[in-house]
Amino acid sequence: MGTKKTILALVLIFNTCMLQAQTVAFNRMSDNKDITYVMISKAILSSGKSRFSGRINNMLNRSGLNVGNLMDKLEYIEIFTPIDEGNKTTRKLMKSVALSIRDDKSYSTVMRVKEEDEDIAYYGQKNKKRKDLFDELVMIIDSSSECLIIRIVGEEISLGDIEKGSSGK
């Protein structure tokens, strides 16, 4: 095997391992009994039943995104938040996932706002074919009173879609 083919194979293996590591991290949170986990499928999103329970609506509203404007591009949304915000072990797990996303080269920082004790960051995983589009967005809110991770998975989401979807927060 030539040098170029060997390098290409190693890059592909490395990228696959990084994607699997993030999937494992999200699965660890969704399986954790101390974390509230909500997954909203494309079927529910596209059914027009956009009225969710008060707590889910609050979480989605907190993200500043109006997902209604992104419906045709979404596959699913995952929401993670500690059941008890004071649980240091749970917050530590969620913070480690947030840091792994921040440090993962397959995600790029879309936006970050740090204000007083609140840190809000959006990370995007770029589309394989079109680098100006995203297939996954992860929003992380971390403050002294709250920890929230929202993962939006879809296809070909543009920065314009995100701007249109923003509620202006």
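Just so we're clear, the structure is a prediction, and the values are computed from it rather than from any experiment.
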(request) Would you kindly confirm whether I141 and M111 end up in one hydrophobic cluster when ILVMFWY residues are joined by side chain heavy atoms under 4.5 Å apart? (result) yes

(request) Search all heavy atoms of S145 against all heavy atoms of D117 and return the closest pair with its distance. (result) N-OD2, 4.5 Å

(request) Ignoring hydrogens and angles, tell me if any N or O in the side chain of T81 forms a donor-acceptor pair with the backbone of C147 under 3.5 Å. (result) yes

(request) Could you grab the distance from atom CZ of R151 to atom CD of Q125, nearest 0.5 Å is fine? (result) 8.0 Å

(message) Do D104 and Y123 have side chains that approach each other closer than 4.5 Å (heavy atoms only, starting at C-beta)?
(response) no

(request) Under the side chain to side chain donor-acceptor pair (under 3.5 Å) rule, collect the residues that match up with R112, sequence neighbours excluded. (result) D119

(message) Let me confirm one number: the OG1-CZ distance from T109 to R102, rounded to the nearest 0.5 Å.
(response) 9.0 Å

(request) Return the set of residues passing side-chain contact (heavy atoms from CB on, under 4.5 Å) with N127 (not counting sequence neighbours), or none when no residue passes. (result) K129, R130, L133, D135, E156

(request) With rounding to the nearest 0.5 Å, note down the distance linking CD1 in I140 to CG in L148. (result) 10.0 Å

(message) For N87, give me all partners under side chain to side chain donor-acceptor pair (under 3.5 Å), at least two apart in sequence or on another chain.
(response) T90

(request) Would you check if K126 and S108 make a side-chain contact, meaning some heavy-atom pair closer than 4.5 Å? (result) yes

(message) Taking the side chain as everything from C-beta on, heavy atoms only, tell me whether L93 gets closer than 4.5 Å to D34.
(response) no

(message) Quick one, D142 and R91 - any side-chain contact, counting heavy atoms below 4.5 Å?
(response) yes

(message) For residues M94 and M39: do they belong to one hydrophobic cluster (side chain heavy atoms under 4.5 Å, members Ile, Leu, Val, Met, Phe, Trp, Tyr)?
(response) yes

(request) Output the distance between atom CG (L137) and atom CD1 (I150), rounded to the nearest 0.5 Å. (result) 11.0 Å

(message) So which atom in I83 and which in K33 form the shortest heavy-atom distance, rounded to 0.1 Å?
(response) CD1-O, 3.2 Å

(request) Enter the distance from I101:CD1 to S96:OG here, rounded to the nearest 0.5 Å. (result) 9.5 Å

(request) Measure the CD-CD1 distance between E146 and I120 for me, rounded to the nearest 0.5 Å. (result) 8.5 Å

(message) Does any part of the side chain of I77, heavy atoms only, come nearer than 4.5 Å to the side chain of V38, both counted from C-beta?
(response) no

